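Reviewing the structure listed below.
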2 protein chains.
Amino acid sequence: MNKKTTIYDIARALGVTVSTVSRALNNVPTISEATRKLVLDKAKELNYSVNKLASSLSSGKSNTIGVIVPTMQIHFFAEAVHSIEKELKKHNYSLLLYQSNESFEDEVNGVKTLLEAQVDGIIASLSLETQETQHFQEVINQRKCLVIFDRTHKDIPAPVVKLDDFKAGYLATQHLLEQGYKNIAFITTDKEIAIFQDRFHGFEAALKDAQISPQKDFIIRGDLSIEAGIKGTEQILKSVIQPDAFIGGDDFTAVGIIQALKTANIAIPATGVIGFANQTFSSFITPTLSSIDQQANKMGEECAKLFLKMVKQKSPYEAIEQIVLDPILIKRKSTNRIDK
Amino acid sequence: MNKKTTIYDIARALGVTVSTVSRALNNVPTISEATRKLVLDKAKELNYSVNKLASSLSSGKSNTIGVIVPTMQIHFFAEAVHSIEKELKKHNYSLLLYQSNESFEDEVNGVKTLLEAQVDGIIASLSLETQETQHFQEVINQRKCLVIFDRTHKDIPAPVVKLDDFKAGYLATQHLLEQGYKNIAFITTDKEIAIFQDRFHGFEAALKDAQISPQKDFIIRGDLSIEAGIKGTEQILKSVIQPDAFIGGDDFTAVGIIQALKTANIAIPATGVIGFANQTFSSFITPTLSSIDQQANKMGEECAKLFLKMVKQKSPYEAIEQIVLDPILIKRKSTNRIDK
DNA sequence: GTGAAAGCGCTAACAT
DNA sequence: ATGTTAGCGCTTTCAC
């Protein structure tokens with residue numbers, strides 16, 4: 001309990017030098033099996049535990065990775081972090097967690113903090129506020145491995161893991177069309193965030209391919225939330241022509257849509273509703289909500305693998321990869337008009 | 001970009017020594033404003049960034065805390081970690097995250113890893129498998145700050161932050177009784193985990209105080225899950241006497257109960273249902289589910305504060321605190337029999 | 001196969 | 001107010 005045992009203590013007890021102990025502890029091949037065993041036994045006997053700060057400082061490798069996400073309160077990010085940690089742990093990496101709380105300033109600070117902690121790399125998803133990306137450039141300049149996922153930014157010359165959000169929007173729309181819905185409303189955000197815009201563009205493309213021209217009154221760009229879904233639906237229902245299906249920019253908005261439809265006594269899935277993200281609650285609400293799964297776990301796993309691949313290369317940025325995952329359509333009752 | 005700037009570079013550029021630079025950088029009072037400014041400017045000019053590994057190694061304080069939770073896939077833990085990180089960040093602590101994945105072996109390994117990383121303390125919630133607690137004793141032996149939350153264990157002589165789960169069970173039951181329900185069923189787990197057992201004991205106590213003797217057939221101890229809720233309900237409904245209310249050991253089980261009741265064409269809240277944990281989905285399902293909130297954020301915050309308090313004391317374990325938070329009853333439609 | 005010794009970048013007495 | 005100088009515990013190159 002007193003002073004912590006160091007490799008010097010082991011060396012002294014064994015009458016060898018610290019380099020021998022270090023070699024034994026690190027499985028360096030140029031050491032005899034006999035002394036290795038001797039060292040290992042003595043280490044256990046003395047209840048030795050490495051000081052990673054010292055070894056990291058000395059070796060220049062911390063075996064720690066930093067992860068920056070907007071907030072763990074968003075289920076998607078919690079899932080992604082779960083998978084990242086799980087995967088990286090297998091390869092003896094530790095994970096320093098930093099939440100930007102959707103603040104640009106915090107994000108910049110996060111990068112700084114992680115860099116000071118000498119992480120071997122950073123896996124990040126951007127805050128809603130982030131426009132400039134100089135702070136991430138600094139990570140690359142220091143030759144540390146950087147991977148950006150989900151909330152990406154075109155100005156960051158680093159590998160990316162994301163979902164094909166255009167396809168997600170296309171899939172959702174196509175599904176509605178296949179179910180016989182024709183007048184589709186879309187309630188989403190006006191913010192310039194790629195994933196949301198891409199979803200919307202996918203929607204437009206699917207309509208175009210089906211030779212349907214979208215109705216202006218049916219498109220609302222404001223916020224994403226239950227309230228936004230309610231308000232948006234109420235507004236759209238005032239139109240002369242009524243939509244026969246609604247797409248919510250995310251599942252929360254879709255829940256709002258469902259609530260507003262119920263209030264207006266409009267039956268679902270006679271009128272269809274679909275969302276994005278496949279939140280946990282989506283399969284529990286009534287009717288169960290069709291959605292597009294974001295593949296949070298797969299995304300986290302890919303991030304981790306990409307990072308591991310990068311650290312292995314001498315020049316991590318020689319070939320910048322872009323991993324685009326396929327969205328998965330989850331069909332549930334809220335759009336089940338024709339199947340029985 | 002080449003070699004990283006160190007305090008030696010700054011010292012050399014300014015013709016002073018490293019101690020001066022160190023002092024200036026760390027706001028040590030015994031230094032003239034003039035040189036401090038000089039150093040700070042030069043540091044910025046040279047794009048200096050501290051190496052925390054070095055300062056931690058040298059000072060013996062890492063300003064890093066380790067957090068061990070079963071899994072971030074459980075919303076409660078994601079919320080708790082969110083709050084811990086948010087609170088600790090204010091005080092310049094970084095957070096190393098480790099998931100035990102409900103495995104005892106992983107948990108032991110987590111403690112080892114975090115200790116090797118020289119964290120200043122550990123905040124942990126136990127895995128379902130954990131029976132022995134020697135690994136946590138080691139944390140205490142090393143005089144590092146340990147805080148256990150939610151999933152606690154009586155053998156660990158460390159401060160604890162938890163919910164009053166007995167009261168939670170009592171509150172839920174009392175609420176049902178107040179709403180006029182009299183024959184209450186309880187579907188929960190048979191595992192010996194304090195929080196679940198405490199909830200059940202609270203239930204028993206509330207019945208006893210109301211001078212109602214619980215019906216044996218109405219108590220099912222198996223698993224906690226939607227399926228368990230469905231199966232349990234189906235079984236209970238076979239009884240001659242039918243319950244007029246159900247308590248699910250957690251919200252998932254309660255969802256299963258609701259589904260089974262719907263299938264059996266039993267109206268809710270004529271028959272009442274309540275759960276525990278106040279999951280996100282609980283307010284979205286139909287009918288909205290009454291539940292007992294676990295105060296994840298408050299719990300995380302209290303853990304962080306307790307930790308900060310401990311590190312300030314020279315002997316962190318002189319007075320072992322136990323913070324017990326009050327459960328909060330969330331009344332929703334699933335138990336709203338008499339209010340309008 | 002093992003030893004000697006120079007760092008890694010910073011802190012913190014102890015001097016001056 | 002600033003300089004000197006030992007470390008912190010480990011890795012790693014160069015000898016032997």
Side-chain angles (χ1 to χ4, degrees), chain A residues 2-40 42-43 46-64 92 115-120 142-144, chain B residues 2-40 42-43 46-64 92 115-120 142-144:
Chain A
N2 322 333
K3 213 77 210 74
K4 291 218 63 190
T5 347
T6 73
I7 53 173
Y8 279 90
D9 299 322
I10 300 178
R12 200 176 311 121
L14 252 36
V16 296
T17 63
V18 287
S19 17
T20 303
V21 177
S22 174
R23 282 190 270 257
L25 257 20
N26 293 296
N27 292 315
V28 176
T30 93
I31 199 170
S32 78
E33 257 321 309
T35 49
R36 156 170 300 134
K37 183 161 175 12
L38 230 48
V39 170
L40 261 36
K42 184 58 78 179
L46 298 179
N47 192 24
Y48 170 77
S49 159
V50 280
N51 183 328
K52 278 194 193 143
L53 292 179
S55 69
S56 299
L57 177 61
S58 178
S59 70
K61 188 161 188 322
S62 67
N63 264 66
T64 296
N92 286 312
L115 250 23
E116 290 178 349
Q118 311 302 116
V119 294
D120 292 338
Q142 292 196 18
R143 309 267 86 192
K144 306 228 160 161
Chain B
N2 321 334
K3 215 76 209 74
K4 291 216 63 188
T5 11
T6 73
I7 53 172
Y8 280 90
D9 299 322
I10 300 178
R12 198 176 315 119
L14 253 36
V16 297
T17 63
V18 287
S19 24
T20 304
V21 176
S22 175
R23 282 191 270 257
L25 257 20
N26 292 296
N27 292 315
V28 175
T30 93
I31 200 171
S32 79
E33 256 323 309
T35 48
R36 156 170 300 133
K37 184 162 175 10
L38 230 47
V39 171
L40 261 35
K42 183 57 77 178
L46 297 179
N47 192 24
Y48 171 78
S49 160
V50 282
N51 183 329
K52 278 195 194 143
L53 293 180
S55 67
S56 298
L57 177 60
S58 178
S59 69
K61 187 159 191 322
S62 67
N63 264 63
T64 296
N92 286 311
L115 250 21
E116 290 178 350
Q118 311 301 116
V119 294
D120 292 337
Q142 292 195 18
R143 308 268 86 190
K144 306 228 160 161

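Worth saying up front: this structure is predicted, and the values here are computed from it rather than measured. Just so we're on the same page: letters track the sequence lines, and every chain starts at 1.
- Remark: B:L53 CG to A:E116 CD distance equals 11.0 Å, nearest 0.5 Å.
- At the heavy-atom level, A:T20 lies under 4.0 Å from the strands shown only through sugar-phosphate atoms.
- Here the side chains of B:I7 and B:L25 are in contact, with some heavy-atom distance below 4.5 Å.
- Side-chain N or O atoms of B:N63 include one that pairs as donor or acceptor with a backbone N or O of B:N92 at under 3.5 Å.
- Nearest heavy-atom pair, B:I10 versus B:Y48, reported as atom, atom and distance to 0.1 Å: CD1-CG, 3.7 Å.
- Note: B:S56 OG to B:D120 CG = 7.5 Å, rounded to the nearest 0.5 Å.
- A:L14 has its CG atom 15 Å from the C1' atom of C:dG1, to the nearest Å.
- In terms of phosphate contacts, A:T35 brings a side-chain nitrogen or oxygen within less than 4.0 Å of OP1 or OP2 of C:dT2.
- Between the axis at the start and the axis at the end of the helix from C:dG1-D:dC16 to C:dT16-D:dA1 there is an angle of 30°, using five pairs per end and rounding to 10 degrees.
- Without hydrogens or angle criteria, A:S58 side chain to A:S55 main chain gives no donor-acceptor distance under 3.5 Å.
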Sugar-phosphate atoms are those with a prime plus P, OP1 and OP2; base atoms are the rest. Using that split, label each nucleotide of nucleotides 8-16 of chain D B, S or - for protein heavy atoms under 4.0 Å, 5' to 3'. BBBBBB---
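- Here B:Q142 contributes atom CD and B:Q118 contributes atom CD; the two are 7.5 Å apart, rounded to the nearest 0.5 Å.
- Here D:dA1 presents its C1' atom at 19 Å from NZ of B:K37, a figure rounded to the nearest Å.
- Using a 4.0 Å cut-off, no side-chain N or O of B:T17 falls inside it from OP1 or OP2 of D:dT2.
- A distance-only check finds no donor-acceptor pair linking the side chain of B:S22 to the backbone of B:V18 [under 3.5 Å].
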